[in-house]
Amino acid sequence: MQSFLTTKFFERSATKVAPDLLGKFLVRRLRGKKIALMITEVEAYHGFKDRASHASKGLTQRNKIMFGEAGNWYVYFIYGMYWMLNIVTGDKSMPSAVLIRGVKEFNGPGKLTKTLRINKYFNGKTANKKTGLWIEDRGVKIGNPPSRKASEGNFRFLKTKIKKGPRIGVDYAGPVWSKKQWRFYLEGASHT
DNA sequence: AGCAAGATCGGT
DNA sequence: CCGATCTTGCTG
């Protein structure tokens, strides 16, 4: 049982979408094969006032995707070497996105895109099967099963916790914004 | 046109 | 901690 995450899932605040992405699967079609990796670490970049976010500079050529449709990929190049993979969230009045930082197999947003061959091609494209890169709910839930009879479904419970902390590499944003607890990760899966 | 900075990473 | 490496956006 698996379901593909559609626009509706992403049309919410980045700070709500971000923790909900933990336990979901990033799926990439590569050379005819599907690679599915469970998301374990994310960060929310929320609104034009967030000084850690590209959107705080106002609309520019690079960040315009953040001002667009939820459920699109926002992919940008950084440090001369790495591609960062984000999914756009919220409605258009609130430019925002969630950075996918880590999956179960390994941590680090730059390693993720390198491994899955994700680059500029995906920027502005919708996360779906046609694009070759999308997100699925495969029935994983975080935490303990509620009770034997309540857990009727095809759910698999991951006995771990969602933790949060400050976002990585955004000291330039100043004390207020760099300290926002907008990084979410599964316990034991932190990059740092 | 020039320049400084950057949502990183791996090696000292 | 430091260098690699290059696009972006700001300044002039």
Side-chain angles (χ1 to χ4, degrees), chain A residues 5 9-10 12-22 24 26 28 35 37-90 92 94-127 133-135 162-186 188-192:
Chain A
L5 297 186
F9 180 92
F10 299 106
R12 299 177 290 141
S13 159
T15 55
K16 297 276 191 189
V17 173
D20 285 354
L21 282 173
L22 300 175
K24 303 295 189 293
L26 179 67
R28 172 83 164 105
I35 302 172
L37 305 173
M38 193 178 74
I39 298 168
T40 56
E41 184 177 13
V42 296
E43 282 175 359
Y45 288 84
H46 184 227
F48 48 84
K49 285 188 286 191
D50 177 4
R51 288 190 50 207
S53 170
H54 294 163
S56 69
K57 305 282 182 187
L59 185 66
T60 67
Q61 187 60 29
R62 175 173 67 166
N63 70 18
K64 61 185 180 188
I65 304 302
M66 289 185 83
F67 291 73
E69 299 290 341
N72 284 349
W73 296 116
Y74 172 45
V75 182
Y76 64 89
F77 193 59
I78 190 72
Y79 298 125
M81 270 172 272
Y82 302 105
W83 296 98
M84 297 289 104
L85 177 67
N86 301 252
I87 186 100
V88 175
T89 59
K92 291 183 183 174
M94 187 63 93
S96 59
V98 174
L99 170 68
I100 301 178
R101 287 191 62 86
V103 293
K104 192 181 176 204
E105 287 68 17
F106 50 90
N107 293 314
K111 290 197 310 193
L112 175 69
T113 52
K114 189 177 180 192
T115 305
L116 295 182
R117 319 252 179 229
I118 292 164
N119 55 35
K120 192 82 184 162
Y121 168 82
F122 294 96
N123 190 41
K125 293 213 161 46
T126 305
L133 184 66
W134 66 96
I135 300 176
I162 293 177
K163 305 206 65 164
K164 50 187 164 180
R167 294 170 291 179
I168 304 291
V170 297
D171 288 349
Y172 61 84
V176 174
W177 296 98
S178 67
K179 285 177 185 152
K180 291 278 183 197
Q181 305 284 290
W182 285 351
R183 179 166 61 104
F184 303 87
Y185 56 98
L186 296 182
S190 174
H191 180 51
T192 47

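All values derive from a computational prediction rather than experimental measurement. Chain letters run A, B, ... following the sequence lines, proteins first and then strands; every chain starts at 1.
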Report which part of the nucleic acid [X] touches: base, sugar-phosphate, or nothing (heavy-atom distance under 4.0 Å, all strands).
X     : value
A:G80 : base
A:M84 : sugar-phosphate
A:F77 : sugar-phosphate

Nucleotide nearest A:Y82 (side chain, heavy atoms from C-beta), chosen from B:dA7, C:dT5, B:dC9: B:dC9

Side chain of A:P109 - closest among B:dC9, B:dA7, C:dG9: B:dC9

Find the distance [X]:[atom1] to [N]:[atom2] and express it as a whole number of Å.
X      : N      : atom1 : atom2 : answer
A:N63  : B:dG6  : CG    : P     : 16 Å
A:Q61  : C:dC10 : CD    : C1'   : 15 Å
A:D171 : B:dT8  : CG    : P     : 11 Å
A:I78  : C:dG3  : CD1   : P     : 18 Å
A:R101 : B:dA7  : CZ    : P     : 11 Å

Residue-phosphate contact under 4.0 Å: A:Y172 side-chain N/O, B:dA7 OP1/OP2: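 It does, given that an N or O in the side chain of A:Y172 lies less than 4.0 Å from OP1 or OP2 of B:dA7.
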
B:dG6 phosphate, OP1 or OP2, under 4.0 Å from A:R62 side-chain N/O: no

Base-pairing mate for C:dT5 - Watson-Crick or G-U, with both contacts under 3.5 Å: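 No nucleotide pairs with C:dT5.
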
A:N107 (side chain) donor-acceptor with A:R101 (main chain) under 3.5 angstrom: no

Backbone of A:L116 reached by a side-chain donor or acceptor of A:R28 within 3.5 Å: yes

Parallel, tilted or perpendicular: ring planes of A:Y74 versus A:H54, cut at 30 and 60 degrees: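 Perpendicular, since the angle between the ring planes exceeds 60°.
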
Stepwise salt bridge (charged side-chain N to carboxylate O under 4.0 Å, His left out) test for A:D50 and A:K180: CA-CA 9 Å; A:D50 177 4; A:K180 291 278 183 197; over 6 Å; no

A:Y79 vs A:K120, nearer the 5' end of DNA chain C by closest nucleotide: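 Nearest-nucleotide comparison on DNA chain C picks A:Y79.
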
Nearest-Å distance once atom P is located in both B:dG2 and C:dT5: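 So the two P atoms sit 22 Å from each other.
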
A:I135/A:F10 under side-chain contact (heavy atoms from CB on, under 4.5 Å): CA gap, chis, key distance, verdict: CA-CA 11 Å; A:I135 300 176; A:F10 299 106; 4.1 Å; yes

